[in-house]
Amino acid sequence: MTTKRLLMKGLTFFKTLEDLDAESKYLVHKAKEATQTSYAPYSKFHVGAALLLEDGTLVPGSNQENASYPLCMCAERVALYAAASQFPRKVIKKMAVVAHKKNHKELVNATSCGACRQVMSEFEMRQGSPIQVIMMENDQWAICSSVSVLLPMGFDGGSLKG
Ligand code: THU
């Protein structure tokens, strides 16, 4: 029985983590580790992200909340902005995002919010090469070949540019 399912171009689903390639599995493991630094006393939803840069550098991030709710920052953007500020010229190859509830070890479905997709999209455009994204959806592991699959027609500055 096949464990791999192609839902649409650029988006592949896997039934279990074991079905992922070794590099992706490792990145999911690093994203899970990153949830340990999550500060989520309000939502109690602990999110971790891990970026793999082209030279093998790993950049973790986790969600950071605030009593003033709109100031909460998602794990994806924490990781992306950390990469941009610490490794400004390094290409991001792949990103994994995972989440679990407070005091629960098992990972739950968590797909990136629209704001994070917009930010991811500009990172991809800036570097001129695709960023693969791994997330859990519908109790399956999804590997997305590019952010452009997750956010078609994202805002690119349009007529603001130039
Ligand atoms: N969260 C993320 O870290 N990433 C997302 O893509 C969606 C949501 C965080 C924000 C907040 O701390 C908690 O999850 C509940 O929304």
Side-chain angles (χ1 to χ4, degrees), residues 10-14 16-17 20-21 23-88 90-127 130-156:
L11 196 53
T12 313
F13 283 88
F14 300 84
T16 72
L17 192 56
L20 267 58
D21 61 281
E23 186 182 77
S24 300
K25 239 184 286 188
Y26 176 65
L27 206 54
V28 167
H29 167 72
K30 286 289 162 188
K32 193 173 180 182
E33 250 179 33
T35 63
Q36 289 168 21
T37 64
S38 156
Y39 175 65
Y42 306 105
S43 72
K44 299 177 174 42
F45 195 64
H46 297 262
V47 187
L51 306 181
L52 178 65
L53 311 188
E54 59 182 348
D55 66 346
T57 304
L58 277 158
V59 184
S62 56
N63 58 329
Q64 303 297 323
E65 300 190 344
N66 191 276
S68 175
Y69 290 6
L71 303 184
C72 295
M73 183 54 69
C74 294
E76 294 92 319
R77 277 176 283 163
V78 169
L80 287 164
Y81 292 145
S85 51
Q86 292 173 52
F87 309 103
K90 288 188 185 171
V91 166
I92 301 166
K93 184 178 168 193
K94 210 182 260 200
M95 171 175 203
V97 184
V98 306
H100 64 78
K101 293 178 187 159
K102 189 182 176 192
N103 299 328
H104 286 78
K105 269 201 189 136
E106 67 278 12
L107 299 178
V108 295
N109 295 322
T111 53
S112 296
C113 74
C116 286
R117 292 179 195 209
Q118 174 69 27
V119 170
M120 287 152 68
S121 172
E122 188 151 334
F123 269 75
E124 187 169 272
M125 280 192 278
R126 272 170 78 185
Q127 70 178 31
I131 301 172
Q132 280 181 49
V133 187
I134 308 164
M135 307 186 285
M136 194 202 270
E137 199 226 26
N138 202 16
D139 294 328
Q140 301 211 333
W141 288 95
I143 299 191
C144 188
S145 63
S146 161
V147 178
S148 62
V149 175
L150 292 175
L151 183 69
M153 291 174 72
F155 183 61
D156 70 349

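Numbers for residues simply follow the sequence, beginning at 1.
Note that CZ of R117 is 11.5 Å distant from SG of C74, once rounded to the nearest 0.5 Å. Taken from CZ in R77 to SG in C72, the straight-line distance is 10.0 Å, to the nearest 0.5 Å. With rounding to the nearest 0.5 Å, the separation of NZ in K94 from SG in C144 is 12.0 Å. In this structure, F13 CZ and Q140 CD are separated by 7.0 Å, a value rounded to the nearest 0.5 Å. Atoms OG and CG, from S112 and L150 in turn, are 7.0 Å apart once rounded to the nearest 0.5 Å. Distance check, rounded to the nearest 0.5 Å: CG of D156 to CD of E122 gives 8.5 Å.
Proximity of D21 to I143: side-chain heavy atoms (C-beta onward) are separated by under 4.5 Å at one or more points. A heavy-atom distance below 4.5 Å is not found between the side chains of V119 and E76. Using a 4.5 Å heavy-atom threshold, the side chains of E65 and S43 count as touching.
A79 and L51 make their closest contact through O-CD1, 3.5 Å (heavy atoms, listed as atom of the first residue, atom of the second, distance). The nearest pair of heavy atoms linking P130 to S146 is CB-CB, 3.9 Å. The two atoms that bring A110 and A99 nearest to each other are CB-CB, 3.6 Å, heavy atoms only. Listed here is the closest heavy atom pair of V59 and A83: CG1-N, 3.9 Å. Of all non-hydrogen atoms in A34 and S62, the two that sit nearest each other are O-CB, 3.3 Å.
No side-chain donor from either of S68 and N66 sits under 3.5 Å from a side-chain acceptor of the other. Side-chain contact, T35 with H46: no donor N or O sits under 3.5 Å from an acceptor N or O.
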Side chain to side chain contact (heavy atoms under 4.5 Å, CB included) between V98 and W141, worked out: CA-CA 10 Å; V98 306; W141 288 95; 3.9 Å; yes

Taking it one step at a time, do I131 and M120 satisfy side chain to side chain contact (heavy atoms under 4.5 Å, CB included)? CA-CA 8 Å; I131 301 172; M120 287 152 68; 5.7 Å; no

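Side chain of N63 to backbone of F45: a donor-acceptor contact under 3.5 angstrom is found. Between the side chain of E137 and the backbone N or O of A142, no donor-acceptor pair lies under 3.5 Å. Looking only at distances, a side-chain donor or acceptor of H104 sits under 3.5 Å from a matching main-chain atom of K102. Remark: side-chain polar atoms of Q127 are paired, donor with acceptor, to backbone N or O of I92 under 3.5 angstrom. Of the possible donor and acceptor atoms, one in the side chain of Q118 sits under 3.5 Å from a partner among the backbone N and O of F155. Between the N109 side chain and the N138 main chain, a donor and an acceptor come within less than 3.5 Å of each other.
Sorted by first and then second residue, the salt bridge (Lys or Arg N to Asp or Glu O under 4.0 Å) pairs involving residues 139-152 (not counting sequence neighbours) form an empty list.
Other residues, nucleotides and ligands contribute more than 12 heavy atoms inside 6.0 Å of the CD atom of Q64.
Under the side chain to side chain contact (heavy atoms under 4.5 Å, CB included) test applied with M95, the options L80, V147, I134, L52 reduce to a single match, L80. Looking at E54, E23, E124 one by one, the single match for salt bridge (Lys or Arg N to Asp or Glu O under 4.0 Å) with K93 turns out to be E23.
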